[in-house]
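These notes are about the structure you will find just below.
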Amino acid sequence: MATKHEQILHYIDSLEVGTKISVRQIAKELSVSEGTAYRAIKEAENQGYVSTIERVGTIRIKKKQKENIEKLTFAEVVKIVDGQVLGGKEGLHKTLNKFVIGAMKLDAMMRYIDAGSLLIIGNREKAHEFALETGAAVLITGGFDTNDEVKRLADELQLPIISTGYDTFTVATLINRAIYDQLIKKEIVLVSDILIPIDKTNFMYKTENVMRWYELNEQTSHSRYPVVDENMKIQGIVTSKDILEADKEAFIEKVMTKNVITVNEKTSLATAAHQMVWEGIELLPVVDQSQRLIGVISRQDVLKALQMIQNQPQVGETIDDVINSRLEDEQEENTYRFEVTPQMTNHLGTISYGVLTTIITVAGNRVLRQYKKGDLVVENLTIYFMKPVQIDSVLDIKPKMLEVGRKFGKVDVELYLEGTIVGKALMTAQLIDRH
């Protein structure tokens, strides 16, 4: 039987997109405490089908699919620009296809605005009205308001009209940055992308006996199976090692491994790979928020996906990508040069500790890959910061291999500024066997 929490999530999921939600309303509707209702609403927000906006409230929105993730909803725009919704709240769940900056005469502007656009403009009320009639939302910059007629039109057409204190340039930069960040998220492969779903997954009930394991093994040639209870909640995992000397009539729950490691759909593939390598796991059960089994991922599928990722072109650059591209090879063997740019510094104008850590990791990885091809996971990193490195400095990075084995590598990394050592690190990494 579903828990109160699960019942609320199912109820919210069944609501029409654009419906306003409140803790008190859900508590009354489903006869639950306000605390239980609040926790479920927050869970729905984490899952991406509810959004809470200041001065508007909580609304049911359409959950974005990964292939459409780079499109922003108007609700997200409100948060990005610290905006205030003047009208058209019912349309906040809609997505924008493009944004248009209204720095032109109205007749010229008409050629660029269409349904699904967002017009970014100042206090030009005729343009506000025209954009709404065309099917576009409006973002008014400079903290300006609009007239009541425009607000009524926005409500009638269910198209948001938003006001922000920022200027047009700042708003465009913020939205561009948000779209860019979404592109990076789109490139990150999640467990859901390679999940073997429950209808194609072999599993066992805890009340079944060991004989059933032998039957499954004969049918599938697999030796590892998740174990669930009658509600499909994960209870453990059973492998050939567990049943080796077990009586064939014994219940699976008596021989299974109970402390099972699981992941959810939103876990990144890199995190799952790290867990599998670290723990020596061949199969990971994938569960939902209620610990119900929804599928599995195998070590082989994870490694195949990681190899595929490396061959894909990237649209959005992460800090790691930027540092990797700017780490230049020097003539001296295993020496790299790196210039500290403004975006890589802290408020004091010295290199960020996070950036310095990434530089060390990237340089260490490069040296390790000369000895071992394939993927690796950093296991331990000990860093000594000796002197601050200021903006526009040029660092020389010198990684040196200390030890390498079949499954691990150890690298010493030294950082120099004008011949003086400014940092030192010891990095240990696990090497992932692709076979």
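Atoms considered below: every heavy atom in the structure, side chains included; atoms not considered: hydrogens, waters and symmetry mates.
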Query raised in the report: Among side-chain atoms of T164 and T141, is any donor-acceptor pair under 3.5 angstrom?
Result: no
Query raised in the report: Which word best sums up how the rings of Y205 and F203 line up, parallel for under 30°, tilted for 30 to 60°, or perpendicular for over 60°?
Result: perpendicular
Query raised in the report: Are D114 and K98 within salt-bridge range, i.e. N to O under 4.0 Å?
Result: yes
Requested in this report: Please examine the side chains of N264 and D288, heavy atoms only from C-beta on, and report whether any two atoms are closer than 4.5 Å.
Outcome: no
Query raised in the report: Do P285 and L293 touch side chain to side chain, with heavy atoms closer than 4.5 Å?
Result: yes
Query raised in the report: Will you find, in the side chains of Y225 and T220, an N or O donor that is under 3.5 Å from an N or O acceptor?
Result: yes
**Report entry** Donor-acceptor pair, side chain of T19 and main chain of L15, under 3.5 angstrom
**Finding:** no
Query raised in the report: Under 6.0 Å from the six-membered ring centre of Y416 and within 45° of its axis: does the NZ or CZ of K398 meet both?
Result: yes
Query - Residues T170 and D167: side-chain donor-acceptor under 3.5 angstrom - result: yes
Requested in this report: Evaluate the side-chain proximity of V85 to L92: yes if any heavy-atom separation is below 4.5 Å, no if none is.
Outcome: yes
Query - Single hit among L159, D155, I161 for side-chain contact (heavy atoms from CB on, under 4.5 Å) with L157 - result: L159
Requested in this report: Can you establish whether the number of heavy atoms outside Q219 located under 6.0 Å from its atom CD is more than 12?
Outcome: yes
**Report entry** Side-chain touch V296/L284, heavy atoms, less than 4.5 angstrom
**Finding:** no
Query raised in the report: Where is the tightest heavy-atom contact between F74 and S117, given as atom of each residue plus distance?
Result: CZ-O, 4.0 Å
Query raised in the report: At what distance, to the nearest 0.5 angstrom, does CD1 of I26 lie from OG1 of T36?
Result: 11.5 Å
Query - From CA spacing to verdict: side chain to side chain donor-acceptor pair (under 3.5 Å), T73, T95 - result: CA-CA 4 Å; T73 63; T95 57; over 6 Å; no
Report summary line: Nearest heavy-atom contact between N324 and R366 is O-NH2, 2.6 Å
Requested in this report: Can you establish whether the number of heavy atoms outside Q289 located under 6.0 Å from its atom CD is more than 12?
Outcome: yes
Query raised in the report: Going by heavy atoms in the side chains, are I252 and K206 under 4.5 Å from each other?
Result: no
Requested in this report: Write out all pairs satisfying salt bridge (Lys or Arg N to Asp or Glu O under 4.0 Å) with one or both partners inside residues 337-358, taking only residues at least two apart or from two chains.
Outcome: E330-R337, R337-D396
Query raised in the report: Would a distance-only check, ignoring hydrogens and angles, find a side-chain to backbone donor-acceptor pair under 3.5 Å from T201 to P197?
Result: yes
Query raised in the report: Should E414 and K424 count as an ion pair when the cut-off is N to O under 4.0 Å?
Result: yes
Query raised in the report: Between E76 and K79, is there a salt bridge with N-O shorter than 4.0 Å?
Result: no
**Report entry** Nearest-0.5 Å distance, CE of residue M427 to CD of residue E379
**Finding:** 11.0 Å
Query raised in the report: Is the shortest heavy-atom distance from the side chain of L118 to the side chain of V138 under 4.5 Å?
Result: no
**Report entry** Non-hydrogen atoms of M256 and Q235 that approach each other most closely
**Finding:** CE-O, 3.5 Å
Report summary line: One should read off an interatomic distance between M232 CE and R292 CZ, to the nearest 0.5 angstrom, of 9.5 Å
Requested in this report: Determine whether more than 12 heavy atoms belonging to other residues, nucleotides or ligands lie under 6.0 Å from atom CG of N259.
Outcome: no
Query raised in the report: Counting distance only, does the side-chain N/O of R39 pair as donor-acceptor with the main-chain N or O of H5 below 3.5 Å?
Result: no
Requested in this report: Find the distance between CZ (F408) and CG (L368) and round it off to the nearest 0.5 Å.
Outcome: 10.5 Å
Report task. Hey, could you give me the CG/CD distance between L153 and Q158, rounded to the nearest 0.5 Å? Result -> 12.0 Å
Query raised in the report: Taking N231 for the side chain and K233 for the main chain, is one N or O donor matched with an acceptor at less than 3.5 Å?
Result: no
Query raised in the report: Okay, side chain of T262, backbone of V287: is any donor-acceptor separation there less than 3.5 Å?
Result: no
Query - Heavy-atom pair of closest approach, residues V191 and S268 - result: CG2-O, 4.4 Å
Query raised in the report: Judged by atom type as modelled, is there a donor-acceptor pair below 3.5 Å linking the side chain of H128 to the main-chain atoms of G122?
Result: yes
Query raised in the report: What are the two closest heavy atoms between R224 and L283, and how far apart are they?
Result: O-CD2, 3.6 Å
Query raised in the report: Would a distance-only check, ignoring hydrogens and angles, find a side-chain to backbone donor-acceptor pair under 3.5 Å from T173 to F169?
Result: yes
Query raised in the report: Is it true that the side chains of T361 and T358 contain a donor and an acceptor less than 3.5 Å apart?
Result: no
Query - Side chains of I234 and V227 in contact at under 4.5 Å (non-hydrogen atoms) - result: no
Report task. For the residue pair V411 and I360, establish whether any side-chain heavy-atom pair is separated by less than 4.5 Å. Result -> no
**Report entry** Which atom of P399 lies closest to which atom of Y336, heavy atoms considered
**Finding:** CG-CE1, 3.7 Å
Report summary line: For residues 119-146, the salt bridge (Lys or Arg N to Asp or Glu O under 4.0 Å) pairs (sequence neighbours left out) are D145-K151
Query raised in the report: Near Q370 CD, under 6.0 Å, is it more than 12 heavy atoms from other residues, nucleotides or ligands?
Result: yes
**Report entry** D193 side chain vs L190 backbone, donor-acceptor pair below 3.5 Å
**Finding:** yes
Query raised in the report: Between the side chain of T134 and the main-chain N/O of F130, is any donor-acceptor distance below 3.5 Å?
Result: yes
**Report entry** Greater than 12 external heavy atoms within 6.0 Å of Q343's CD
**Finding:** yes
